[in-house]
Amino acid sequence: MHDAPRFRLPGWVLLATAACGGGGGGGGDGAWSPRSLGLDGGTVTSLAGDGGSTLYAGTSSSGVFRSEDHGATWAATGGGLPDAVVVPLGGTAVVAALAVDPATATTVYAGLLRGGVYKSLDGGGGWTAANNGLSDLDVTSLAIDPTAPATVYAGTIGNGVFRSTNGGGNWVRRVSGLDHRDVHALALAPSNPTRLYVGTPAGVFVSTNAATTFAATGLGPTDVAALAVDPFDPLTVYAGMPAGGVWKSTDGGASWASARNGIPSLHAVQDLVIDPATPTTVYAALDGGGIYATTDGGANWAPVASGLRFLDVEALLVHTADPTRLVAGTFGGGVFVSTDGAASWTPRNSGLGGGSVTDLVVAPGAPAALWAATNAGVFVSTDGAATWAPRHDGLDRWEVQALAVGAAHYVGTLGGGVFRSLDAGGAWAAANSGLGDLQVQALAVDSGSALTLYAGTRSGGVFRSSDGGDSWTAVNSGLGNLDVRGLAAHPTAAGTVYAATRSGMFRSTDGGASWTGANTNLDDPVLNCVAIDPVTPTTLYAGTVNDGVYRSTNGGQSWQRRTNGLAADTIVRIAITPGSPDRIVAVSAGDADDGRNAGVYLSANRGDAWTQVNLGLRPAAATAVVVDPASGVTFVGTRGGGVFRR
């Protein structure tokens, strides 16, 4: 699902028959336990390093990870970071900024949206809040004075800049002359750290007295997302814009000139870093555009994204001692590392368990295989999710939305159509003839033939293939909305399929050749999914965006709202327990308006009453659910936290 509110803050300083859930659901009582070993990736929102081999990566919903080998492997840092249940993405608060004490490498600061500043004295072994005097907990940026590391600056949304002179022990607000209080970026001049530049929606402000007072520069009023200062010249500064492009000043901000030649205008500049040895070399991270570099101080830029499969780059880091080594944090694809000055990039996500799961499917076999679709590709487990292995070969679109197993394995992707594997994920190839590169949000296999598939797309309606994906045909006659979020094929009646759309439920009994509305008493027509009871196929469940769960007991002719005990309004997946259809599981990534009430809801009586079962689920933003028919174990996928079992 890519409809849920996506966190985006401009500028980083340094979300079968039961296609509604990929299968059934159920399982025993007790707490959820994480099962994401090898399920790597996720969204990395901030980066920091100690100048040696240790790196830190802040994520959008899984806290902070540490690598001690230049990013080859990662491990989650210790506890203490808060959950921020009001963040729209749900789960752990977004780690928007990281900073390492230049004098004491084991002292690390993390700036969190909705969480404030947290500090670790043991390299991330544990974290404690350092928010005394910090009246705004939406921290977007951090900067440490390299000559006096006890002096730390924090930029916030809504309350400007705060300064601590005792390592975060207490903070004092510093906003004199700062006309806009939303801070998107902070940058200290390394050679003169009393000079502090601040990027805001009203342009760049500068302080020459350690944030005692600020003054507007010549760049404004315009939104600034990223800043970087020449390490040798405190008057040379670059500003990256969320509307695209870079501006440069060589006189401390008194005047600015465009320095964007070669940078595409449609991509926001989200981060800027300067080569510490050759400051005329600057790197820019773009939203959807990859990474660009200049070697002539901004006069000309060129892309340097070879091997970078995820072009939405959130954060950049250049090694201070070896500038040929760079690290990029991406939206959905985790971390990429370059060891040749950004000429090429390689994913380095082992242990970085921040993957967002979009679908789960159990494929029969000996042993049965559990498949996970994520925003970082496809993974498979044959040991009950104890471990995962990637299955990406040939999959040039890694943001996978849906899974299905018929005559072959199929995935629907974000903007890449359908890919097919004839060898259980060993290799993938596009199977899009007649479909094109549409965003495929749902897949279903017809019960009459494993070669007949249906694909629900975001803007093209439903497509059908009768030859295992060799070719596709649009089948939309009577379909009242072309944004199809869920599909479910009748378990025994060939050609009968249901489509959950943004304007209600539609049913076809002729393989999609014609559709009729099935919306009587369905008060909320904005649907996310549909699930069919495999034992009594006239019983269906629909998950909505604003009204919880609806049930039909007559094949969709009429519906009844079933929300007793269901706190969540937005339901993204519903699963029915194989062999025990009274037991229903509904999952929510959080309500559409504010992200609240995320998690897993269980009903033992076909939806008549629900109980929230979130113990151990972190983050609580649940996005997929499936049950192993053999063991009855329930698996839940989350946004940013991988897979859990119960």
Side-chain angles (χ1 to χ4, degrees), residues 1 3 16-20 22 359 361 400-420 430-520 522 525-532 537-538 540 542-543 552 555-557:
M1 306 296 296
D3 249 21
T17 58
C20 211
D359 203 1
V361 167
V400 180
Q401 305 288 288
L403 288 164
V405 180
H409 287 66
Y410 303 90
V411 296
T413 67
L414 177 63
V418 170
F419 284 74
R420 176 178 62 188
N432 290 328
S433 178
L435 177 65
D437 58 359
L438 290 172
Q439 178 173 331
V440 176
Q441 304 176 127
L443 291 168
V445 179
D446 196 284
S447 60
S449 170
L451 293 172
T452 299
L453 297 97
Y454 305 91
T457 71
R458 182 163 191 169
S459 58
V462 176
F463 286 73
R464 182 183 65 205
S465 174
S466 301
D467 50 19
D470 287 341
S471 61
W472 297 85
T473 303
V475 286
N476 292 326
S477 178
L479 192 68
N481 189 289
L482 298 184
D483 189 350
V484 179
R485 298 305 173 94
L487 289 171
H490 194 287
T492 57
T496 295
V497 60
Y498 292 82
T501 78
R502 304 313 257 183
S503 60
M505 190 72 69
F506 291 83
R507 177 179 60 221
S508 175
T509 58
D510 51 14
S514 62
W515 297 86
T516 57
N519 294 311
T520 301
L522 191 62
V526 185
L527 304 183
N528 282 324
C529 63
V530 55
I532 303 176
T538 53
L540 297 88
S552 173
Q557 295 180 42

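Scope of the values below: all heavy atoms of this structure, side chains included, with no hydrogens, waters or symmetry mates. In this chain, residues are counted from 1 in sequence order. This one's a predicted model, so the numbers in the text were calculated from it and none came from an experiment.
- Under the 3.5 Å distance criterion, the side-chain polar atoms of Tyr410 are left unmatched by any main-chain donor or acceptor of Ala402.
- Every residue meeting the side-chain contact (heavy atoms from CB on, under 4.5 Å) condition with Pro537, not counting sequence neighbours, appears here in chain and number order: His490, Pro491, Ile532.
- Between Ala542 and Met505 the shortest heavy-atom distance is CB-CE, 3.7 Å.
- With rounding to the nearest 0.5 angstrom, the CH2 atom of Trp472 is 11.5 Å from the CG atom of Leu438.
- From Arg507, atom CZ reaches atom OG1 of Thr516 across 5.0 Å, with rounding to the nearest 0.5 Å.
- At a threshold of 4.5 Å between non-hydrogen side-chain atoms, the residues Asn528 and Arg502 count as touching.
- Of all heavy-atom pairs spanning Leu403 and Asp359, the tightest one is N-OD2, 3.0 Å.
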Using distance only, find each side-chain donor-acceptor pair of residues 448-456 under 3.5 Å and give its atom names and separation, not counting sequence neighbours.
residue, atom, partner, partner atom, Å
Ser449, OG, Leu451, N, 3.1
Tyr454, OH, Asp446, OD2, 2.7

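- Closest approach of Gly556 and Ala518 over heavy atoms only: O-CB, 3.2 Å.
- Annotation: side chain of Phe506 is not in contact with side chain of Val462 (no heavy-atom distance under 4.5 Å).
- Atom CZ of residue Arg458 and atom CD of residue Gln441 lie 6.0 Å apart, to the nearest 0.5 angstrom.
- Nearest heavy-atom pair across Ser503 and Asn519 is O-ND2, 4.1 Å.
- Atom NE2 of His409 is separated from atom CG of Leu443 by 12.5 Å, given to the nearest 0.5 angstrom.
- A donor-acceptor contact shorter than 3.5 Å links the side chain of Thr520 to the backbone of Gln557.
- Looking at every heavy atom in both residues, Phe419 comes nearest to Thr413 through CD1-CG2, 3.8 Å.
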task: For side chain to side chain contact (heavy atoms under 4.5 Å, CB included), just list the numbers for Val530 and Leu540, CA-CA rounded to whole Å, side-chain angles, deciding distance to a tenth of an Å, and then say yes or no.
output: CA-CA 7 Å; Val530 55; Leu540 297 88; 4.1 Å; yes
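- The shortest heavy-atom contact between Val445 and Ala404 is CG2-CB, 4.2 Å.
- Within the 4.5 Å cutoff, side-chain heavy atoms of Ser508 are placed close to those of Val497.
- Within the 4.5 Å cutoff, side-chain heavy atoms of Asn476 are placed close to those of Leu482.
- Note that the CZ atom of Arg464 and the OG atom of Ser471 stand 10.0 Å from one another [nearest 0.5 Å].
- The CD atom of Gln401 sits 12.0 Å away from the OG1 atom of Thr457 when rounded to the nearest 0.5 Å.
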